[in-house]
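Here the structure is a predicted model, which means the values were calculated and not measured.
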Amino acid sequence: MAGKAQLPTNSSALIAMIADEDTVTGFLLAGVGNVDLRRKTNYLIVDSKTTVKAIEDAFKEFTTKEDVAIVMISQYVANMIRFLVDGYNKPIPAILEIPSKDHPYDPAHDSVLSRVKYLFSAESVASGRR
């Protein structure tokens, strides 16, 4: 099975979050939170004072950590760093854009959904189906 991305089997995988306070709090109450030995968390709470640079740094950190399997990011936050989200192409960790309480989900801006639509349209053209 060469070429397939795999998670390390010696430890459990984490879900990282980049979202507003209410969304992160809900997931923390569900047990998603983690603090490592260096006191680094697996989430970033985004508010009006959070800089785009801080969001970019958190995204880069979470997508390069070995123990993160999924990065959940509020769609309005993902729009702030759209160039990073759209440029990310690794299967693990998977990027999942989610709605927030104050910002509804817009499928037109979802990078994963647009990739799926592209793949299915390319398949239908290649196979002669429309």
CA sep, side-chain torsions, deciding dist, call: I98, Q75, side-chain contact (heavy atoms from CB on, under 4.5 Å): CA-CA 6 Å; I98 59 174; Q75 191 176 49; over 6 Å; no
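Separation of atoms CG (D67) and CG (L14) is listed at 4.5 Å; rounding is to 0.5 Å. In this structure, CD1 on I81 lies 6.5 Å from CD1 on I55, to the nearest 0.5 angstrom. To the nearest 0.5 Å, atom CD1 of residue I95 and atom CE of residue M72 are 11.0 Å apart. Interatomic distance, D22 CG to D102 CG, rounded to the nearest 0.5 Å: 7.5 Å.
Between D36 and R38 there is a salt bridge, since at least one side-chain N of the basic residue sits less than 4.0 Å from a carboxylate O of the acidic one.
A78 meets the side-chain contact (heavy atoms from CB on, under 4.5 Å) test with I73, R82, V85, E97; sequence neighbours excluded.
Nearest heavy atoms, V32 versus I15: CG1-O, 3.4 Å. Considering every non-hydrogen atom in both G33 and L28, the closest pair reads CA-CD2, 3.3 Å. When every heavy atom of P93 is checked against every heavy atom of F62, the shortest pair comes out as CG-O, 3.8 Å. Contact between D20 and S100 at its shortest, heavy atoms only, is OD1-CB, 3.1 Å.
A chain of hydrophobic side-chain contacts below 4.5 Å, direct or via other Ile, Leu, Val, Met, Phe, Trp or Tyr residues, connects V52 to Y76. Cluster annotation: M80 is not connected to I45 through the hydrophobic network of ILVMFWY side chains, with a link wherever side-chain heavy atoms come within less than 4.5 Å. Taking hydrophobic clusters as Ile, Leu, Val, Met, Phe, Trp and Tyr residues chained together by side-chain heavy-atom distances below 4.5 Å, F83 shares a cluster with F59. Hydrophobic clustering (ILVMFWY, side-chain heavy atoms < 4.5 Å, transitive): M17 and L96 are in one cluster. When the side chains of ILVMFWY residues are joined at heavy-atom separations under 4.5 Å, either directly or via intervening members, Y43 and V68 end up in two distinct hydrophobic clusters.
The shortest side-chain heavy-atom distance between K60 and L84 falls under the 4.5 Å cut-off.
With hydrogens and angles disregarded, no donor-acceptor distance shorter than 3.5 Å links the side chain of T23 to the backbone of A19. Between the side chain of N42 and the backbone N or O of N34 there is at least one donor-acceptor pair closer than 3.5 Å. Between the side chain of T51 and the backbone N or O of A54, at least one donor-acceptor pair lies under 3.5 Å.
Shown here is E56, whose CD atom has more than 12 heavy atoms of other residues, nucleotides or ligands within 6.0 Å.
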